[in-house]
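Step one of this worksheet: look at the structure below.
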Amino acid sequence: MDNSLAYAQQLDRDDQLREFRQQFIIPEENGVEQIYFLGNSLGLQPRRTAGYIDQVLKQWARYGVESFFLGDDPWMHYHDHLVAPLANIVGAKPAEIVVMNQLTVNLHLMMVSFYHPAGKRRKIICEAKAFPSDQYMFETHLKHLGLDPAVVLIEIAPREGEHTIRLDDILHTIAATGEELALVLWGGLNYYTGQVFDMAAITHAAHKAGAKCGFDLAHAAGNVALHLHNWNVDFACWCSYKYLNAGPGAIGAAYIHERYHTDPGIQRLAGWWGYEKETRFAMQKGFRPIASAEGWQLSTPSPILYAAHRASLEIFAAAGFDRLREKGRLLSAYMLYLLDEINARASSPILEIITPRIDHERGCQVSMLMHQKGREVFDALGKAGIFADWREPNVIRVAAVPLYNRFEEVWRFADSVRRIIFAV
Ligand SMILES: Cc1ncc(COP(=O)(O)O)c(C=O)c1O
């Protein structure tokens, strides 16, 4: 690698995925394309999304409620378009995928199915400082069960002076909790540091202790390689508005291992959309779930949200997830290289990368802990048309995503940081 603009431009010319950028609407200011590094927050809009939504609207206009069964794409079967590409992205069988609700709602629903405190097996292991919605989910769900979150939750934090959580600490805590452990519910990729966890090892350890294991994949789905079925994960949930580009407030999704689909002992909160399809409209008393992850659905889904999700999933399928992952890895490695160069030139520590450097321990996101000029750098990036985000007390997070970001943008970002820090 070298730090010249020419090198970045060469990487873009060599990039087999470069044409995919054309399929997205890049934000502009006065006709100039901005550098959007916030695909970890809200992915950009695919150009085809409006057309897919419009098709649903037209069908609604033409057939009204009959659109569930009539038209080019009857809504009753729209879900089928989504499961195969999503199964490919998260490493599941299509029957293990359900597209429904939103992330926090789905976490609560999965708690109903997979957290059964009994006897002394009551503890839940989770990350310290998990994303706030997960914390509030735990707090309120446990209170609803009449339990004290402070007693039930075991939070694992980075060691003193470290930023990321050691796998050994997680595995050791799981083993030490042993027969008191009911559930491990962990974030697959930490939203603050960008650390990817060894989900296979965590699942294995949880099962060995006799507990269930699930993951919040908000920052992992569409970003890093996942093999949920082969890892034997019990359940996982994610949102679709980040790397999956399904739009603001997009419909979320969940994975539920097939061994639970027809388990008569599994608890769930049900609604009519999870009822066996062949006889749903017989409107009978007594809940009979669909024998797949779809059996966890409650309410009539929105085909408009499905359509937005489908638009993006088709782009993923065309690009190929392995190629996307490889480009994502190269983008973040290149960003680390350029930021390291800045640090090497400074006489005192300026920025500290808190994202792991080992390839499989990070996705697209790079988090920089600013030791100097943090706010100044962040504000200047905004003025330079670079979308990044700020997390208190002094972390700047950026994500260069493989579907629409370019190596030249990474170079321009690092160049802006360098200019602000060295005032050149
Ligand atoms: C790790 C994580 N969990 C949960 C959420 C909340 O998701 P939602 O608002 O879609 O329920 C987010 C949102 O960014 C998140 O990053």
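The shown structure was predicted, so the numbers you read here are calculated from the model rather than taken from an experiment. In each ligand, atom 1 is the first atom listed, and ligand 1 is the first ligand listed.
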Inset, instruction - State whether E409 and R21 are salt-bridged, where the test is any N-O pair (Lys NZ or Arg NE/NH1/NH2 against Asp/Glu carboxylate O) under 4.0 Å. - result: yes
Inset, instruction - Measure from NZ or CZ of R397 to the centre of the six-membered ring of Y192 and say whether it is under 6.0 Å with the direction within 45° of the ring axis. - result: no
Legend entry - Location of contacts on D134 toward ligand 1, heavy atoms closer than 4.0 Å: side chain
Legend entry - E179: which of R121, R122, K120 passes salt bridge (charged side-chain N to carboxylate O under 4.0 Å, His left out): K120
Legend entry - Under 3.5 Å: N/O of Q102 near N/O of ligand 1: no
Inset, instruction - Please report which non-hydrogen protein atom sits nearest to atom 9 (O) of ligand 1, along with the residue it belongs to and the distance in Å to one decimal place. - result: Y241 OH, 3.4 Å
Inset, instruction - Kindly assign one of parallel, tilted or perpendicular to the pair Y306 and Y78, based on the angle between their ring planes and the thresholds 30° and 60°. - result: parallel
Legend entry - R268 to W296 six-membered ring, cation-pi geometry met (6.0 Å, 45°): yes
Inset, instruction - Please write down residue, atom name and distance for the protein heavy atom closest to atom 16 (O) of ligand 1. - result: H219 NE2, 3.0 Å
Legend entry - Centroid-centroid distance, F235 to H257, less than 6.0 Å: no
Inset, instruction - Report the member of Y191, W238, F131 with the shortest heavy-atom distance to atom 5 (C) of ligand 1. - result: F131
Legend entry - Polar contact flag for T104 and ligand 1 (N/O pairs, less than 3.5 Å): yes
Legend entry - Protein heavy atom at shortest distance from atom 14 (O) of ligand 1: K242 NZ, 2.8 Å
Inset, instruction - Could you tell me the separation between the CD atom of E361 and the CG atom of N190, rounded to the nearest 0.5 Å? - result: 12.5 Å
Legend entry - Atom indices of ligand 1 within 4.0 angstrom of A218 heavy atoms, with elements: 1 (C), 2 (C), 15 (C), 16 (O)
Legend entry - Test of proximity, D216 against ligand 1: N or O pairs below 3.5 Å: yes
